[in-house]
Amino acid sequence: MLEITNLRIDFASGGRRLRAVDGVSFSIAPGETLCLVGESGCGKSATALSIARLLPSPPAHYAGGRIVLNGIEVLRASNDQLRALRGGVVSYVFQEPGASLNPVFRVGAQIKEMLHLHRPASATDAEVIHLLKMAGIPAPESRLRAYPHEMSGGMLQRILIAMALAAEPKLLVADEPTTALDVTIQAQILDLLKDLRQRLGMSLLLITHNLGIVGQIADRVAVMYAGQIVEMAPARPLLRRPLHPYTLALIQCVPKLGAQPARLLSIPGGVPALDAMPEGCRFHPRCPRARPECSRIAPQLIEVEPGRWVRCPYWIQDFPQ
């Protein structure tokens, strides 16, 4: 469905080009869910937006690599091809649903606009109600005429999902769809995405900073740090036995249900700025297992087990089997 190979994206700043995505490669099969995980500023959203070439250029510059979506070379696609891909092949559920909807139009009219663009023959109130039901909206006939400010955050997220489904995409990209929602609503949104993927047979790329939700929905996980993939593996093996120090640190930051109350672990420092990337391994300034050579030698992403890729040469010595 999607294959990204050695993708490199720069952003212009102060007369320089700063690399935000550096050699990212992954694929998504039909019907598969891949979770892209990492802290804010790691390049997850930039990678996701590049799938439909949505990053404005300038300041963004596609410095190299390939993106093949449903057989189309995205970085070489014409404007007509891109219009057909956007919505019709890949749809997005963006962060902050309140900011993604127009506050002066009713939600039904905004969903119907998607239908006019991609399925004109189906641009009816009945189809909008069908999409609202599919997204789990109660009493969809009355919600049809509601304005965004009249709905809760969880309800707005469902509206965005209904809009994304209006074009019947083959790939749905959900960028932090559970951010700022309480845990009950988070679980409902994840269950909805999982159900829709199975029912519609579409692929799903879920972007999150929370490894705690990955096990509920993902088939595979790609962990991203400072513009690079640092670990990629099937979800369950990765959660049971992380091989990269950054993945382990992310897992240790998740509260454990039923555990004795204690101070939560945190990762010291922060993701480096684009103009201050460290030499060698980009995680070494924050890594408790760093060795002297980590500050000099940039590690490569290597397949250490079938289907498991790690950007750390010391994984086997440092991690329990």
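In this text the structure is predicted, and so the values were computed from the model without any measurement.
Residues Leu274 and Ser13 have side chains not in contact (no heavy-atom distance under 4.5 Å, counting atoms from C-beta outward). Contact annotation: the side chain of Trp309 never approaches that of Val304 to less than 4.5 Å [non-hydrogen atoms, C-beta and beyond]. Contact annotation: the side chain of Val107 never approaches that of Leu144 to less than 4.5 Å [non-hydrogen atoms, C-beta and beyond]. Here the side chains of Pro177 and Gln157 are in contact, with some heavy-atom distance below 4.5 Å. Ile4 has its side chain within reach of Ile51: a pair of non-hydrogen atoms, C-beta onward, lies under 4.5 Å apart. Annotation: side chain of Ile159 is not in contact with side chain of Gln110 (no heavy-atom distance under 4.5 Å). Residues His118 and Glu168 have side chains not in contact (no heavy-atom distance under 4.5 Å, counting atoms from C-beta outward). Counting only heavy atoms from C-beta outward, the side chains of Ile297 and Glu279 never approach each other to under 4.5 Å.
Phe26 and Val310 are assigned to two separate hydrophobic clusters, defined by single-linkage of ILVMFWY side chains at heavy-atom distances under 4.5 Å. Tyr62 and Ile72 end up in the same hydrophobic cluster when Ile, Leu, Val, Met, Phe, Trp and Tyr side chains are linked at under 4.5 Å. Hydrophobic clustering keeps Leu196 apart from Val173 (ILVMFWY residues linked when any side-chain heavy atoms are closer than 4.5 Å, directly or through intermediates). At a threshold of 4.5 Å between side-chain heavy atoms, the hydrophobic network of Ile, Leu, Val, Met, Phe, Trp and Tyr places Tyr225 and Leu301 in two separate groups. Follow the hydrophobic side-chain contacts under 4.5 Å out from Leu34 and you never reach Leu204; the two are in separate clusters.
Checked by atom type and distance alone, the side chain of Gln81 pairs as donor or acceptor with a backbone atom of Ser78 at under 3.5 Å. Within the 3.5 Å criterion, the main-chain N or O of Gly307 finds a donor-acceptor partner in the side chain of Glu303. A donor-acceptor contact shorter than 3.5 Å is absent between the side chain of Thr33 and the backbone of Ala218. Under the 3.5 Å distance criterion, the side-chain polar atoms of Tyr147 are left unmatched by any main-chain donor or acceptor of Asn102. Checking side-chain atoms of Lys44 against main-chain N and O of Gly38 turns up a donor-acceptor pair under 3.5 Å. Under the 3.5 Å distance criterion, the side-chain polar atoms of Arg106 are left unmatched by any main-chain donor or acceptor of Ala146. Judged by distance alone, the side chain of Arg53 and the main-chain N or O of Val74 form a donor-acceptor pair under 3.5 Å. One N or O on the side chain of Arg286 and one on the backbone of Pro268 form a donor-acceptor pair closer than 3.5 Å. Judged purely by atom type and a 3.5 angstrom limit, His284 uses its side chain to pair as donor or acceptor with the backbone of Cys281.
Using modelled atom types and a 3.5 Å distance limit, the side chains of His61 and Arg17 yield a donor-acceptor pair. For the residue pair Ser45/Asp175, the side-chain donor-acceptor check at 3.5 Å is satisfied. Ser203 and Glu32 are not linked by any side-chain donor-acceptor pair at a separation below 3.5 angstrom, with hydrogens and angles left out of the test.
Ion pairing between a basic and an acidic side chain is recognised when a charged N comes within 4.0 Å of a carboxylate O; Asp219 and Arg197 show such pairing. Arg19 has a carboxylate O that lies under 4.0 Å from a charged side-chain N of Asp10, or vice versa, which qualifies the two as a salt bridge. With salt bridges taken as basic N to acidic carboxylate O contacts below 4.0 Å, one links Arg119 and Glu127. For Arg66 and Glu73, the salt-bridge test passes: some basic side-chain N is under 4.0 Å from an acidic carboxylate O.
Rounding to the nearest 0.5 Å places NZ of Lys194 at 13.5 Å from CD1 of Ile189. Between the CG atom of Leu192 and the CE atom of Met134 there is a distance of 10.0 Å, given to the nearest 0.5 Å. The distance from atom CE of Met224 to atom CG of Leu36, rounded to the nearest 0.5 Å, is 6.0 Å. Atom NZ of Lys112 is separated from atom CG of Leu131 by 11.5 Å, given to the nearest 0.5 angstrom. The structure places CD1 of Ile185 at 11.5 Å from CG of Leu190, a figure rounded to the nearest 0.5 Å. Atom CG of Leu205 sits about 7.5 Å away from atom CG of Leu2, to the nearest 0.5 Å.
Of all non-hydrogen atoms in Pro245 and Cys312, the two that sit nearest each other are CD-SG, 4.1 Å. Considering all non-hydrogen atoms of both residues, Gly227 and Val24 come closest at O-CG2, 3.5 Å. Nearest heavy atom pair, residue Leu132 against residue Ala162, reads CD2-CB, 4.3 Å.
Among Val214, Leu211, Ile207, the one residue that satisfies the side chain to side chain contact (heavy atoms under 4.5 Å, CB included) test with Cys35 is Val214. Of the candidates His244, Arg289, Glu293, Glu293 is the only one forming a side-chain hydrogen bond (donor to acceptor under 3.5 Å, both in side chains) with Tyr314. The salt bridge (charged side-chain N to carboxylate O under 4.0 Å, His left out) with Glu231 is formed by just one residue from the set Arg220, Arg311, Arg241, Arg308; it is Arg308.
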Audit row: Glu39, His209, side chain to side chain contact (heavy atoms under 4.5 Å, CB included) steps and yes/no: CA-CA 5 Å; Glu39 296 168 275; His209 62 272; 5.7 Å; no

